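Remember, predicted model here, so these are calculated numbers, not experimental data. Each chain gets a letter, A, B and so on, in the order the sequences are listed, and its residues count up from 1.
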Protein chains: 2
Amino acid sequence: MATLKDVAALAGVSVKTVSNVVNGYAFVKPENRSRVEQALEATGYRPNLGARNLRRGRTGFLALVVPELVVPYFAELAGLVLRAARELEWNVLIEQTLGTREGERDTLAALGPHMIDGAIVSPEALEARDFGELAPGIPVVMLGEHSVDLPIDHVGIDNVEAARTAVAHLVGLGRTRIAAIGAHPHRGTAAQRLEGYRLALADAGLPVRDDLVATALNYHRRDGAEAMARLLSAPEPPDAVFCFNDLLATGAVRAAAERGVRVPHDVAVAGFDNTEEGAYGLPSLTTVAPDKAAVARAAVDLLHRRVEDPQRPPEHVRTPFSLQVRESTGGA
Amino acid sequence: MATLKDVAALAGVSVKTVSNVVNGYAFVKPENRSRVEQALEATGYRPNLGARNLRRGRTGFLALVVPELVVPYFAELAGLVLRAARELEWNVLIEQTLGTREGERDTLAALGPHMIDGAIVSPEALEARDFGELAPGIPVVMLGEHSVDLPIDHVGIDNVEAARTAVAHLVGLGRTRIAAIGAHPHRGTAAQRLEGYRLALADAGLPVRDDLVATALNYHRRDGAEAMARLLSAPEPPDAVFCFNDLLATGAVRAAAERGVRVPHDVAVAGFDNTEEGAYGLPSLTTVAPDKAAVARAAVDLLHRRVEDPQRPPEHVRTPFSLQVRESTGGA
DNA sequence: GTGAAAGCGCTAACAC
DNA sequence: GTGTTAGCGCTTTCAC
């Protein structure tokens with residue numbers, strides 16, 4: 001593996017000159033430049049990024065910390081972050097926390113301050129203020145939970161409004177016993193979506209009934225199915241359900257079908273995230289569609305600016321969303 | 001950020017001693033050990049992995065190169081590789097090639113020899129022998145395509161047998177016009193699955209009809225839907241379809257439903273990959289289930305052994321699979 | 001057992 | 001414009 005020194009020796013110049021050429025420094029004598037370029041070609045030189053970064057004090061890596069890659073929303077997001085990061089010459093280290101507090105803590109601690117230039121974190125259990133302590137000195141951009149009061153960069157949609165929009169759509173269908181699946185004691189986004197749900201019901205003059213709010217400790221298909229089964233066996237089952245993500249909604253639809261309850265005829269179902277899976281389901285899923293590409297771009301961009309200038313005041317970027325109406329709330 | 005030198009100064013010993021303690025070297029005078037440990041604690045020392053690796057000549061990173069993370073199979077696989085790698089103290093760099101030849105070439109070239117200790121590659125367009133040239137000197141483990149004749153480490157299931165098993169199941173249902181979706185001019189796995197399809201038909205004494213073999217240039221839901229639509233509008237539509245992955249199958253089921261063709265009554269559908277999405281679909285999907293955890297473990301393990309000993313002969317690991325029979329081929 | 005010092009490959013003062 | 005050289009933080013001979 002050729003080093004700068006090798007190239008310099010071959011070209012008959014100093015390492016400095018080679019370094020200048022490699023790094024695109026403008027003022028190099030044309031003759032030297034071409035000799036160096038030839039030597040570069042001949043040796044197949046590739047810079048050792050590790051050494052370069054050691055010297056520059058940066059790593060060239062960015063960490064993307066998500067609960068689980070099997071959750072389609074995070075898989076899609078990860079793909080988009082990968083693309084956005086590549087444009088800024090960042091490599092992405094993806095870490096899974098499995099949604100536990102320990103997972104999130106350990107992950108950030110293990111990455112430490114040397115491994116990465118910064119992190120984009122989609123926290124599930126941890127709260128924003130924890131990050132200051134866990135990752136002292138490492139730039140972090142938070143995804144999801146909107147905590148305007150904390151001094152940390154943040155990207156996300158307006159979860160309250162998004163949920164409110166979705167539930168208003170169910171109200172508009174004439175449904176009156178509208179349930180929610182996904183309440184969670186510690187998740188900020190869950191609290192916000194629940195708030196939006198409550199507001200939409202209040203807007204319509206409908207009561208908020210505790211028996212129609214189903215908790216889900218995880219947000220997988222199985223949890224949605226279980227919650228739906230519980231709701232449907234209650235004395236007064238719902239005629240519509242707003243699920244806090246598409247996975248829960250998929251499980252809910254499945255549970256309904258297994259009991260012979262028709263979607264949307266007997267119960268309309270709306271989800272959240274607009275994963276591609278939902279668009280192809282039977283029925284296809286009505287869902288809140290966050291602009292995931294915008295989230296990814298904003299997050300990478302924000303992190304980049306923070307790395308450049310650690311002193312700048314924290315910023316809260318609100319990305320757009322829309323409601324995708326499909327079969328699961330279509331017709332009567 | 002404390003360095004080894006800082007710790008040494010605080011403990012009143014040399015960097016060597018600190019290094020010995022940090023790296024768990026056994027023979028350190030107990031007194032010094034405890035002083036160092038205190039200093040370590042007091043400074044909150046964290047080794048600079050970049051520097052360590054520069055010195056050791058390794059990077060601590062492994063690249064996982066996949067076509068796209070939005071494909072659930074790869075998302076699931078990536079999650080499992082992440083876990084397996086963590087046990088060997090490897091960080092994982094995930095790269096998306098988007099399934100193009102350029103993407104695969106550029107990715108490996110960009111990673112270069114310094115960034116990573118090795119790569120686990122799931123090639124779509126590239127063939128195994130390309131990797132030798134692209135990534136000279138960097139250890140590579142191939143996933144998927146089984147090319148026993150090439151001198152490269154490889155992990156995968158027996159695609160021919162797996163496809164044959166799935167199609168035999170459709171034959172066992174009494175179906176006679178069995179189609180295949182997913183033929184592809186350049187993909188090794190596609191060729192192998194097509195071969196298994198042919199063998200199963202031959203086993204049953206059924207003819208292989210070209211009009212029942214649908215090509216799919218991509219393996220997304222949309223492609224499955226399009227192929228199914230084509231098959232169903234033919235003069236003699238199929239009564240069963242074997243799709244080369246679950247995404248194609250999901251699209252195929254959707255396309256059938258849109259035309260009022262019932263699954264499995266009118267047409268039975270089987271997929272490949274056993275993604276969780278298929279288990280919750282309506283109908284749930286019969287599918288070939290590769291042992292993904294075994295694939296991930298074997299790949300990381302194989303790569304580890306190759307890094308330790310670059311001279312060892314290439315190995316081909318065959319991981320198990322099973323057939324998950326569900327609603328999409330259930331009943332008559 | 002421990003210390004001094006070289007050196008991994010690179011960048012960036014600083015000198016010329 | 002280009003060469004010399006120190007040093008990023010670490011591991012590791014080689015002395016002692």
Problem - side chain to side chain contact (heavy atoms under 4.5 Å, CB included) evaluation trace for B:Leu62 with B:Ile116 - result: CA-CA 5 Å; B:Leu62 124 75; B:Ile116 53 175; over 6 Å; no
Practice task
Taking all heavy atoms of A:Leu80 and all of A:Ala293, pick out the closest pair and write down the distance.
Solution key: CD1-N, 3.6 Å
Exercise for the section: Quickly work out the A:Asp6 CG to C:dC8 C1' distance and round it to whole Å. Expected result: 13 Å
Fill in the blank from the handout: Comparing B:Gly12 with B:Leu54, nearest DNA chain C nucleotide closer to 5' gives the residue B:Gly12
Practice task
Taking B:Arg297 for its side chain and B:Ala84 for its backbone only, find out whether a donor-acceptor pair lies under 3.5 Å.
Solution key: no
Problem - Any pair counted as ring-ring contact (aromatic ring centres under 6.0 Å, His included), so long as it reaches residues 28-72 of chain B, sequence neighbours left out - result: A:Phe61-B:Phe61
Practice task
Give me the ring orientation class for A:His304 and A:Trp90: parallel if the planes are under 30° apart, tilted from 30 to 60°, perpendicular past 60°.
Solution key: perpendicular
Fill in the blank from the handout: To the nearest angstrom, the OH-P distance between A:Tyr25 and D:dG3 comes to 13 Å
Exercise for the section: Calculate the interatomic distance between B:Arg33 atom CZ and C:dT2 atom C1'; express it in whole Å. Expected result: 13 Å
Fill in the blank from the handout: The contact string for nucleotides 10-16 of chain D, one letter per nucleotide 5' to 3', using protein heavy atoms under 4.0 Å with B, S and - for base, sugar-phosphate only and none, comes out as BBBB---
Exercise for the section: Measure from the side-chain N and O atoms of B:Gln38 to the backbone N and O of B:Ala11, and report whether any donor-acceptor pair falls under 3.5 Å. Expected result: no
Exercise for the section: Pick out which of B:Ile120, B:Val141, B:Val140 makes a side-chain contact (heavy atoms from CB on, under 4.5 Å) with B:Asp153. Expected result: B:Val141
Practice task
Identify the heavy atoms of B:Asp117 and B:Val307 that sit nearest to each other, and give their distance.
Solution key: O-CG2, 3.7 Å
Handout entry: Inter-end axis angle, the helix from C:dG1-D:dC16 to C:dC16-D:dG1, with every axis fitted to five base pairs (rounded, 10 degrees)
Key = 40°
Practice task
Determine the contact category for A:Asn32: base if any of its heavy atoms lies under 4.0 Å from a base atom, sugar-phosphate if only primed atoms, P, OP1 or OP2 are that close, otherwise nothing.
Solution key: sugar-phosphate
